[in-house]
Structures are given as C-alpha cells and as structure tokens.
Amino acid sequence: MSNPPAYILEPVAKARAKLETFAQDRATFPGEVLLDMNVTYLDRQIYNPATARYDRVRLRGYQDTRQASPSGVDTPLVGPTIDVRPGETVRITLNNMLPQDSTCGIGGGSANTPHCFNGTNLHSHGLWVNPSGNGDNVLVSIRPGIAFQYEYNIPADHPAGTFWYHPHLHGSTALQVSSGMSGALIIRGDRMPTPTETGDIDRLLKQPDGSDIAERVLVLQQIQYACTDSDGGITYDCQPGQVGGIESYDQFGPGTWPASGRFTSINGQVLGQLAPAVAGSVERWRMIHAGVRDTINFEIRRKTGSAALRALTAADTDRWIDQNCGEDPIPYGVVAQDGLTMAQVQMRQQAVLQPGYRVDALVVLPQAGDYCLVDAAAPAAASVNQLAPSRRLLGIVTAVEGETVNGEISTYLQDWLISAAERTMAPDVAGKVIDDLKNDMRLSSFVPHPDIEPGEVTGEQQLVFNIDVKQPGGTFFEIDGQPYDANRIDRTLPLNGVDEWTLRSDFVSHPFHIHVNPFQIIKIVDAAGNDVSALGADDDGDPQYPGLKNVWKDTLWIKNPGTDPSTRYTITVRTRYQRYIGEFVLHCHILDHEDQGMMQNVRITLPDGNGGTVSGHH
Ligand SMILES: [Cu+2]
C-alpha cells in the first residue's frame with residue numbers, strides 16, 4: 001500500500017478557508033463553475049408509499065454548502081445540477097466530513113471485498129476530459145477529514161449533452177451511489193452547424209421567441225435503504241422511530257431491489273408530482289439512470305383513473321397502473337443516448353435505461369390532464385435482476401391547457417422540428433438540416449463524432465465479463481478471467497489509435513462502461529448469429545438493442561440471457577483514443593459488481609512510432 005499523493009492530504013478546514021477566499025474572487029474568473037460540497041451523513045426522510053409514511057433515513061450524501069438550508073429534513077437526496085458550457089472549467093470541491101474509517105487501507109484500496117465506506121472520490125460520467133491528476137481521476141482516494149478539488153477542463157469542442165457525476169472509489173461505489181450520491185452535469189452548447197462541421201442540437205431546440213424549449217432533468221435513483229429487524233438482520237419494513245440506512249453490501253445482489261419494495265425516485269422524490277407541462281409543447285427530458293439495481297423501461301401514459309397516489313405498495317402497482325393509466329404509451333422522440341446526439345430522432349413508446357445510461361427525449365403531452373410515468377415490465381434477460389420485474393410507477397406529471405394534438409405525435413414533432421430549423425439555422429445549412437428532418441427526422445448536422453469506418457481501425461480489443469461461481473473460495477467478479485487488481489494495468493492503448501472492441505459476457509448480463517472516450521456501436525449479434533441492432537430489428541421482444549446501430553454511447557448492456565457462453569451475445573464497438581493520455585478504468589455499471597472486482601485499469605500512452613506504445617513509469 002502506497003500512501004495517496006501528498007497533494008490531496010489537505011485538512012478540510014484549511015482547504016475550505018482557501019477555497020472560500022477563492023470563491024469571493026470568482027467574479028474575476030468568468031469561465032469557471034464552482035461547486036463546494038460536503039460529503040457527510042445526512043438526516044433526511046423519504047416517502048414510503050407502502051406505509052404512506054415518511055421513513056427517516058441517515059445516509060451518506062452531498063450537501064451543497066451554498067444552499068440556504070442544506071440540512072433540512074425535506075431536502076431531497078440528490079446532488080445539485082451542474083450547468084456548464086464548452087470551454088469552461090468546472091471546479092468541484094469535496095469536503096469529506098464522514099467519520100474516520102480504519103478499513104480504508106485494506107489491500108491498498110484494491111481488495112475486491114467492499115470496504116472504506118467513508119472514503120470517496122468523484123467521477124464525471126461521460127465527460128471527454130483529462131482522466132489524470134485533478135481531472136476525472138477515480139484512482140484517487142479522499143479519506144475522511146480530507147478536502148480535494150476536482151477540476152474538469154471542458155474542451156471548447158466538447159459535445160453539448162446530458163452527463164452526470166457520482167463517487168467511484170473502488171469498494172464503496174455502489175453503497176454511496178445507492179445512498180443518493182449523484183447529480184446531473186449538463187453541457188449546454190450553441191454552436192451552429194456549418195456545411196462541413198456539425199453543431200449542437202441545443203441550437204435547434206428553440207421556441208419561436210428564440211428562448212430554449214422547456215426542459216426537465218430526471219435523475220432516476222434507487223435509494224435502497226433498510227432497517228434492522230429484531231434479530232439484527234436487514235428489513236425493508238422500517239418501523240416508526242427507526243432510521244433507515246445503507247451500511248452493508250448484503251443489501252445489494254440479485255433480487256434485492258424487487259424484494260425491497262422500494263420505488264425508483266426522480267430527483268430524490270418517490271412517487272412525486274413533477275412540475276407541470278403545457279399540452280402540445282415540445283419539452284426536452286434529460287433522463288439519467290443514476291441507480292444501481294434495477295433496469296428502467298420508461299413509459300408515459302395518460303392517467304385515466306382518478307385514484308390518488310398517496311399509498312401504493314410495490315406489489316399492488318401493476319394493478320394500479322392497469323386501473324389508472326391508459327393502455328397505450330405516448331410515443332416520444334429520442335434524440336440522444338448517453339448525452340450524444342443521434343443521427344436520427346427515434347420515436348419510442350419505451351426507452352430502456354440501464355444503470356449509467358442517459359436518454360434525451362423530445363416529449364409532447366398531447367392534451368391537458370395527468371400522465372403516469374411508468375417503469376414498464378421487461379424480459380428477464382434485459383434486466384439487472386435477471387427477473388421479469390412487475391411494473392413500477394415513477395411519478396405523475398400534469399399538462400395544463402395548451403394545444404391539443406389529435407394526429408400522430410411523430411408528425412407533429414417532425415413539423416415542429418422543421419419549423420424550428422427554418423427559424424434557427426444559418427442560411428448555408430438550413431436547407432440541409434430541413435431536408436434531413438423531412439427524411440425520417442435525421443439529425444446528421446448535429447452528431448458530435450464522425451462515424452468510424454473499417455479502414456480507420458488500427459487494432460482490436462477483446463473483453464469478457466464473468467461471475468465465477470465455481471471456485472471453492474467464493475464468488476469472483478471478473479473481466480477476462482481476473483478480478484480487479486489496482487496494481488495491474490490491464491490494457492495499454494496508443495493515443496490516436498482506433499480500436500474495434502468485441503464485448504461479451506459468459507455469465508448473465510452486465511452494463512459495460514469505459515471512461516473518457518465514448519464508442520460507436522457497430523453490431524449486436526445474438527447467440528444465433530442475428531444482428532439485432534438495426535432500427536426495427538426484433539430481439540425476442542426486448543426493445544433495448546434495436547436502433548443502437550451506429551449510435552455513440554459510453555455505457556452498454558452486454559447481454560447473456562443464460563449462465564454459460566452458449567447464450568452470450570457478441571457486441572462490436574469502435575472507439576478513438578483522442579487527446580488524453582493517462583490511467584483510468586472500464587467496469588461493469590452494476591456498481592456492486594464493480595466494487596467486487598469487475599473492473600480493469602486502462603492506460604493510454606504515446607505511440608513509440610513502431611506500432612507499440614512508450615512504456616509508462618511503472
Ligand atoms: Cu456486472
């Protein structure tokens with residue numbers, strides 16, 4: 001075990017004093033966005049629909065030090081939204097005020113048994129920024145009593161889109177994220193496309209008066225708090241007077257989320273009423289799956305019944321939705337996956353979000369009234385829990401009187417987009433953008449990364465997830481046959497190289513996530529050899545893959561409906577290693593799998609000019 005670098009060993013009080021001085025000077029640094037957060041135990045309450053009571057909870061969380069009443073019991077357990085523009089610098093200070101923790105040194109921080117629940121750090125999920133030093137570095141450890149300031153230099157050519165942040169200290173990632181430690185990080189751009197360069201879709205999504213269209217950020221969390229039963233075990237049935245918490249990895253694992261009866265929250269609220277919409281207006285919904293333990297199949301349905309929502313058990317939800325929510329989900333237009341604008345608007349009645357995913361959708365609520373937000377059922381193989389989950393309600397949104405849409409929503413949306421392009425686009429690109437929109441709502445002028453053609457590929461990478469349940473010593477969470485080792489570099493990749501990756505899982509399904517550079521999906525082939533990634537393909541009724549061909553993402557479900565290689569899918573993606581060198585990680589985004597070993601260290605280094613790379617300092 002080597003000690004962390006000295007530069008992070010700055011006591012909280014001293015570091016805070018310096019930063020407060022800096023904050024007073026911030027007007028002189030207009031290109032900087034500052035966030036100062038305590039990482040500390042928060043005493044809060046969460047609504048429990050099963051009992052129609054608020055449960056008291058005590059959970060590790062983010063406390064924005066500039067909020068007026070940061071400790072109010074009603075403050076939702078979600079991090080503040082960070083708004084930033086390309087070219088700006090984001091400075092996020094974490095003051096770790098959690099209690100001292102003697103488990104933080106075990107195994108050099110590399111042990112694959114969950115530990116160091118009071119250590120933390122930060123990951124800016126999806127950002128294309130420097131992974132080293134005080135950049136998007138998840139290999140640093142911020143121990144209790146220590147403050148550290150992250151600095152994300154967002155390049156001027158960074159795509160505008162929906163990103164997020166969360167802790168990523170190996171050993172406590174799942175525990176902290178499932179406590180509600182996550183928030184949205186939105187990059188807003190206004191670059192006009194040109195005949196040769198693509199621009200930001202934000203530039204197109206304007207109202208007739210030139211202002212941005214209405215938008216909402218939906219941080220979807222799964223805060224799986226539990227209480228202690230009379231035998232000292234875990235119970236999800238918290239009694240009045242008890243305080244819920246998340247202090248053990250026994251709370252994670254297959255089947256624990258459905259068994260808990262908890263509901264996915266939106267921006268920290270369980271079964272909340274969202275801010276109202278206006279019927280017929282086009283809104284941008286930025287959905288972020290910041291949960292750990294359940295797949296979300298997002299649907300919007302008319303609320304047709306009159307039942308109030310105050311009390312609802314998980315077991316009763318399916319019946320409630322049948323009785324109170326309309327039969328046909330309202331279609332909406334998906335425009336971005338994982339923050340990256342797609343080549344075409346895809347109309348969907350259901351978007352599938354696995355842990356870590358983001359989906360940006362253009363939503364039109366066609367008439368005034370209430371709407372149910374539903375997490376629909378999914379095939380077992382498509383879901384984190386490998387169970388076919390029953391439906392869950394997520395919340396209610398009301399549309400106030402506006403314009404009633406009687407025809408197809410896709411036609412309405414297409415007409416709206418064409419009209420927006422006529423108003424917003426520069427003369428030298430307006431014709432191209434409008435022709436694209438008339439042609440199945442294509443968005444080719446807004447896709448941030450050019451396609452990776454086969455001729456550009458310079459190398460290949462193979463990756464296989466596995467949970468090894470056959471060893472006598474226990475269960476091992478592995479990539480390429482090995483659990484994570486902090487002292488091992490698993491892949492050394494050349495800067496400016498372009499690799500084709502083949503991704504598989506030998507034992508159930510896992511969401512693959514790699515930091516820094518996103519990847520383009522080339523094909524998704526099932527065990528029978530069929531590519532199911534084309535728009536309109538059929539993957540045994542599972543809606544998550546069709547439409548992903550050529551889409552750019554940073555997190556992707558690697559499916560295996562079974563528990564041996566015979567049923568595994570083979571997924572091909574391509575990626576460019578651009579601009580940034582340094583060490584970072586790839587991992588499974590079922591974060592308790594990551595904490596237990598399903599992670600690798602990746603190093604991007606300079607080419608040596610002979611087809612290899614210059615070796616690092618190790
Ligand atoms: Cu996994």
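Both ligands and their constituent atoms are indexed starting at 1 by order of listing.
- Judged by a 6.0 Å distance limit and a 45° cone about the ring axis, K553 is not positioned over the six-membered ring of F519.
- Between the side chain of T492 and the main chain of I489, no donor-acceptor pair closer than 3.5 Å is present.
- Atoms of the protein (N, O or S only) found under 2.8 Å from the Cu ion (ligand 1) are H510 ND1, C588 SG, H593 ND1.
- In this structure a side-chain-to-backbone donor-acceptor pair under 3.5 Å is missing from Y569 to S505.
- Of the possible polar contacts, one joining the N267 side chain to the V217 backbone as a donor-acceptor pair under 3.5 Å is found.
- Using a distance-only test at 3.5 Å, with no hydrogens or angles considered, no donor-acceptor pair links the side chain of N96 to the main chain of I146.
- Looking at D542, its side chain does come within 3.5 Å of a backbone N or O of Q544 through a donor-acceptor pair.
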